[in-house]
Amino acid sequence: MRVQVVDHPLVAHKVSVLRDKNTPSSIFRQLTDELVTLLAYEATREVRTEQVEVVTPVATTMGTSIAKPTPLVVPILRAGLGMLEGMTRLVPTAEVGFLGMARNEETLDIITYADRVPNDLTGRQVFILDPMLATGGTLAEAIKFIFDRGAESVTCICLIAAPEGVERLQKAHGDNDEVHVVLASLDEKLNEKAYIIPGLGDAGDRLYGVTPPPIS
Ligand SMILES: O=P(O)(O)OC[C@H]1O[C@H](OP(=O)(O)OP(=O)(O)O)[C@H](O)[C@@H]1O
Ligand SMILES: O=c1cc[nH]c(=O)[nH]1
Ligand SMILES: [Mg+2]
């Protein structure tokens, strides 16, 4: 497993505004969208391509095209949905599946409440979108879910991670070279409620302005 923290002043600036508790949902959504595009640029470096013939107005040349099967993007509902548009803007030919997952805030167990992902992912490069990697429970489960359907590789694009979550993924997938995690920030730690410190609070609530009932 490879972990990459994107070290760029624009990323650092936008993450700092996201963290601010006074940043309203409208700006939070916009910054999330912008950050995904910056992270996705790095995360897609190894996307499979093929050579194609291109006829310019003056010559014929060989060009590069994203190969089939096209990348599959999987946002983890709810918060990952805030990252979808930024990703598909950068990779418009990508296909999209959806996974609804929520952690029970008491037990920290993960509940998968929606599976809208194709059954057969044989040979596919999959990009999982979720802004927060806290205990790592959600992503560990999501990565396993995607590989169980036959995917070739999984790249997770997250905004903020806790070291505890990265360690959990290392334990689960450390020996798999086909797992890649791209982050905007690796924070200090988790607090006693498993929230990332300093973090930005609950990403879903901040994106959409509401706190849904607990899931069980
Ligand atoms: O690493 P973990 O400890 O599993 O926590 C991270 C998960 O928590 C958040 O989702 P949440 O369960 O709050 O659902 P939501 O997106 O609907 O708010 C976040 O978007 C991750 O999916
Ligand atoms: O800090 C955290 C931890 C889990 N989920 C979030 O949205 N934020
Ligand atoms: Mg939430």
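Throughout, numbering of the chain's residues begins at 1 and tracks the sequence. All ligand and atom numbering here is 1-based and tracks the order in the structure.
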If two hydrophobic side chains count as joined below 4.5 Å and joins carry through other members, does [X] share a cluster with [Y]?
X: V74; Y: M101; answer: yes
X: M132; Y: Y208; answer: yes
X: I196; Y: F28; answer: yes

Looking only at non-hydrogen atoms, find the nearest pair between [X] and [Y] and report the distance.
X: R29; Y: L207; result: NH1-O, 2.8 Å
X: P118; Y: L72; result: CD-CD2, 4.2 Å
X: E105; Y: K193; result: OE1-O, 4.4 Å
X: V91; Y: I66; result: CG1-CD1, 4.0 Å
X: R78; Y: P212; result: NH2-CD, 3.3 Å

Hey, which atoms in ligand 1 end up nearer than 4.0 Å to a heavy atom of [X]?
X: A79; result: 16 (O), 20 (O)
X: I110; result: 4 (O)
X: M132; result: 6 (C), 19 (C), 21 (C)
X: G137; result: 1 (O), 4 (O)

Checklist entry - Going by heavy atoms, is R206 under 4.0 Å from ligand 2? => result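 No, that is not the case, since the closest heavy atom of the residue is not under 4.0 Å from the ligand.
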Checklist entry - Any protein heavy atom lying closer than 4.0 Å to atom 19 (C) of ligand 1? => result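 Within 4.0 Å: yes, protein heavy atom nearby.
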Within the 4.0 Å heavy-atom shell around [X], which atoms of ligand 2 are there?
X: A134; result: 3 (C), 4 (C)
X: I196; result: 1 (O), 2 (C)
X: G201; result: 1 (O), 2 (C), 6 (C), 7 (O), 8 (N)
X: A203; result: 6 (C), 7 (O)
X: A194; result: 3 (C)

Item to check | Option among E178, E152, E95 that satisfies the salt bridge (Lys or Arg N to Asp or Glu O under 4.0 Å) test with R124 | outcome: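 Testing each of E178, E152, E95 against R124, the sole residue satisfying salt bridge (Lys or Arg N to Asp or Glu O under 4.0 Å) is E95.
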Checklist entry - Should we count CD of E85 as having more than 12 external heavy atoms under 6.0 Å? => result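 Atom CD in E85 is not packed in, count stays at 12 or less.
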For ligand 1, is there an N or O atom under 3.5 Å from any N or O atom of [X]?
X: A134; result: yes
X: Y113; result: no
X: R103; result: yes

Item to check | Selection from P214, G136, G165 by shortest heavy-atom distance to atom 1 (O) of ligand 1 | outcome: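 Shortest heavy-atom distance from atom 1 (O) of ligand 1: G136.
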Next on the checklist: Considering T135, I111, I196 one by one, which has a heavy atom nearer to atom 2 (P) of ligand 1 than any of the others?
Outcome noted: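 When every heavy atom of T135, I111, I196 is considered, T135 comes closest to atom 2 (P) of ligand 1.
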Ligand 1 versus [X]: contacting region, heavy-atom distance under 4.0 Å:
X: L139; result: neither
X: D130; result: side chain
X: D202; result: side chain

Considering only protein heavy atoms, which is closest to [atom], and at what distance to one decimal place?
atom: atom 7 (C) of ligand 1; result: T138 OG1, 3.5 Å
atom: atom 10 (O) of ligand 1; result: M101 O, 4.9 Å
atom: atom 2 (C) of ligand 2; result: Y195 CD2, 3.4 Å

Checklist entry - Is it the case that R103 places NZ or CZ above or below the six-membered ring of Y195, under 6.0 angstrom from the centre and within 45 degrees of the axis? => result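 Geometry flag: set, cation within 6.0 Å and 45°.
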Item to check | the Mg ion (ligand 3) contact by D205, N, O or S atom under 2.8 Å | outcome: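 Looking at D205, which is the residue asked about, there is no N, O or S atom under 2.8 Å from the Mg ion (ligand 3).
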Checklist entry - Side chain, backbone, both or neither: which part of P131 comes within less than 4.0 Å of ligand 2 when only heavy atoms are counted? => result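 Answer for P131: neither.
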Item to check | Euclidean distance, L39 CG relative to L90 CG, rounded to 0.5 Å | outcome: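 The CG atom of L90 sits 10.5 Å away from the CG atom of L39.
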Checklist entry - Just one of I143, I76, I146 clears the side chain to side chain contact (heavy atoms under 4.5 Å, CB included) bar with C156, so which one? => result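 The side chain to side chain contact (heavy atoms under 4.5 Å, CB included) with C156 is passed solely by I143 among I143, I76, I146.
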Item to check | Derivation of the side-chain hydrogen bond (donor to acceptor under 3.5 Å, both in side chains) call for T32 and R206 | outcome: CA-CA 11 Å; T32 299; R206 296 212 50 200; over 6 Å; no
